[in-house]
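I'd like to ask some things about the structure below.
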Number of protein chains: 2
Amino acid sequence: MQRLLIVEDEPALRRALTINLKARHYEVEAVATGSAALKAAAGVTPDLAIIDLGLPDMDGVEVIAGLRGWSSVPIIVLSARDSQSQKVRALDAGADDYVTKPFGMDELVARVRAALRRADTHELPGEPVVTTSAFTLDLAAKRARRGDLEVRLTPTEWHLVEALLRRPGTLVSGAQLLAEVWGPGYEKEINYLRVYFAQLRRKLEDEPSHPRHFITEPGIGYRFEP
Amino acid sequence: MQRLLIVEDEPALRRALTINLKARHYEVEAVATGSAALKAAAGVTPDLAIIDLGLPDMDGVEVIAGLRGWSSVPIIVLSARDSQSQKVRALDAGADDYVTKPFGMDELVARVRAALRRADTHELPGEPVVTTSAFTLDLAAKRARRGDLEVRLTPTEWHLVEALLRRPGTLVSGAQLLAEVWGPGYEKEINYLRVYFAQLRRKLEDEPSHPRHFITEPGIGYRFEP
DNA sequence: CCGTGGCGTCAAGAACCCATCAAGGAATTG
DNA sequence: CAATTCCTTGATGGGTTCTTGACGCCACGG
């Protein structure tokens with residue numbers, strides 16, 4: 001049976017979650033505080049964690065970060081607010097999904113199932129070789145070619161390319177890229193992205209001033225177009 | 001069978017609603033006061049609630065807020081003709097739709113069906129992609145298409161679209177949209193909404209001057225029609 | 001019939017974001 | 001240890017987006 005860890009300070013909601021999820025044949029461990037959550041997670045090694053962002057003792061984002069430090073357990077976040085920035089922070093910290101209160105129990109259960117299914121199939125990364133009309137990148141061997149001649153990318157450039165290529169076609173926010181490549185705390189250094197995307201385009205694109213694969217969406221983020 | 005909770009103080013109307021909805025094969029629980037409504041909702045966990053705003057013991061808006069604290073059950077509001085501001089407050093508190101008295105039973109039943117259908121298909125964790133007859137929106141990848149060609153939306157336009165699409169088909173008050181997109185304190189800047197909805201319609205609708213998906217409800221708010 | 005209020009449209013300046021260049025300092029390599 | 005590459009940072013100019021005010025239209029009510 002799969003174990004769930006619930007972190008929710010409000011007793012009524014904690015009870016409702018416990019009852020409903022036990023009825024769905026999950027094994028449930030429920031705690032009320034962030035510190036208790038970190039302890040419990042180490043003890044029971046849950047298959048999935050449901051975390052309320054509004055905890056009394058510590059910020060929910062810290063709890064997520066604390067878990068992510070050593071565990072890759074799927075995390076679903078509950079939040080009372082519709083706050084977009086809080087959502088982004090939670091997802092950047094490593095949450096897998098996000099449910100806004102109030103929510104229907106059916107929806108939450110569906111998301112729990114989906115998260116567990118995803119974790120089960122353990123999505124293996126696709127081909128580590130990406131080819132476009134202009135260039136070829138071998139992520140594993142760290143080799144880049146444009147046409148016939150080989151191009152050298154610096155470590156930071158590779159790191160940035162990997163972060164983008166992980167979600168081909170999808171838009172990735174600048175803050176997300178910065179946090180992934182330079183580490184948390186660098187979310188404001190948007191200039192780094194400008195400089196490095198300029199370098200990548202100069203090295204890889206046919207027309208660096210009219211990029212076809214490393215696309216900027218002004219004010220939102222960047223996108224890799226295969 | 002789907003359960004409906006009716007909150008209506010006037011005995012004649014309560015009876016009429018009960019009979020008509022039972023005739024359409026709904027299971028009906030009818031109460032006369034707000035406090036009874038909150039108790040009943042916890043007990044029978046209805047699939048939809050119909051709430052009269054003019055209750056004797058407490059404001060209908062409070063009833064809605066009380067429900068929304070823990071449940072996302074669809075709520076349809078009944079209200080007298082000339083209490084427009086009350087309607088807006090009800091929507092802000094979390095109501096999904098409203099019907100003005102006097103109303104035809106057919107109209108109410110149609111709205112009940114629509115609300116239940118929405119709650120049923122309640123966006124599952126999969127791809128948050130919305131498709132209409134005129135355009136396609138991929139919220140996660142931040143991609144918009146009208147027909148074959150790609151359309152670019154600005155950050156604020158995306159934000160506004162997301163705020164509306166979170167409740168497809170339901171009516172959202174202007175103040176709610178403003179608070180969500182521009183932040184608290186901008187609730188009065190209704191002009192922003194006019195400007196941005198005009199831009200969205202120009203970019204996405206087939207006939208921007210006769211919108212079929214981004215609908216204005218004068219004096220109340222906006223609605224996204226899938 | 002006219003005033004009022006809400007809505008859609010338009011336009012212009014302000015504010016913001018991005019690409020590019022350049023240079024000093026840090027790190028790496030031979 | 002020296003040379004080279006790499007990373008960081010600031011400045012500039014061009015383009016886009018946001019904000020704000022004004023105008024006309026329509027529905028409603030006096």
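Remember, predicted model here, so these are calculated numbers, not experimental data. Just so it is clear: chains get the letters A, B, ... in the order the sequence lines come, proteins before strands, and each one is counted from 1.
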Letter per nucleotide, 5' to 3', of nucleotides 9-22 of chain C [B base touched, S only sugar-phosphate touched, - untouched; heavy atoms, 4.0 Å]: BB------SBBB--

Check: Y192(A) ring centroid to F197(A) ring centroid under 6.0 Å: no

Atom CZ of F135(B) with >12 non-hydrogen neighbours under 6.0 angstrom: yes

Chi angles and distances behind the salt bridge (charged side-chain N to carboxylate O under 4.0 Å, His left out) call for E157(B), K203(B): CA-CA 10 Å; E157(B) 285 163 6; K203(B) 289 182 178 180; 2.8 Å; yes

Contact list for DNA chain C against residues 161-168 of chain A - heavy-atom distance below 4.0 Å: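 The stretch gives none, as no residue of it lies under 4.0 Å from the strand.
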
Any T154(A) side-chain N or O less than 4.0 Å from OP1/OP2 of dC6(D): no

Integer-rounded Å distance: dC7(C) P and F214(B) CZ: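 After rounding, the reported distance stands at 17 Å.
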
L160(A) CG to dT8(D) P, straight-line distance once rounded to whole Å: 12 Å

Rounded distance in Å - CG (L178(A)) to P (dT9(D)): 12 Å

Residues R111(A) and E107(A) bridged, charged N to O under 4.0 Å: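 A salt bridge is present here (some side-chain N lies under 4.0 Å from a carboxylate O).
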
N or O in side chain of Y192(A) less than 4.0 angstrom from dC7(D) OP1/OP2: no

Verdict with supporting geometry, L108(A) and I76(A), side-chain contact (heavy atoms from CB on, under 4.5 Å): CA-CA 9 Å; L108(A) 180 66; I76(A) 295 179; 4.3 Å; yes

L153(B) CG - dT16(D) P separation (whole Å):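 So the two atoms are 16 Å apart, to the nearest Å.
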
Spacing between Q199(B) atom CD and dG8(C) atom P, to the nearest angstrom: 13 Å

N/O (side chain, W182(B)) to phosphate O (OP1/OP2, dC18(D)) under 4.0 Å: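 No, W182(B) has no side-chain N/O under 4.0 Å of OP1/OP2 on dC18(D).
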
Residue pair S79(B) / Y98(B), side-chain donor-acceptor N/O under 3.5 Å: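 Y98(B) and S79(B) do not have a side-chain donor-acceptor pair below 3.5 Å.
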
R152(A) CZ - dC7(D) P separation (whole Å): 11 Å

Euclidean distance, atom OH of residue Y186(A) to atom C1' of dT9(D) [Å, nearest integer]: 13 Å

Derivation of the side-chain contact (heavy atoms from CB on, under 4.5 Å) call for I215(A) and Y222(A): CA-CA 6 Å; I215(A) 310 292; Y222(A) 292 84; over 6 Å; no

T131(A) and R145(A): side chain donor to acceptor below 3.5 Å: no

Contacts of type side-chain contact (heavy atoms from CB on, under 4.5 Å), residue P168(A), not counting sequence neighbours: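 Partners of P168(A) by the side-chain contact (heavy atoms from CB on, under 4.5 Å) criterion, ordered by chain and then number, come out as F224(A), P226(A).
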
Length of the CD-P vector between E189(B) and dT19(D), whole Å: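 In whole Å, dT19(D) P and E189(B) CD are 9 Å from each other.
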
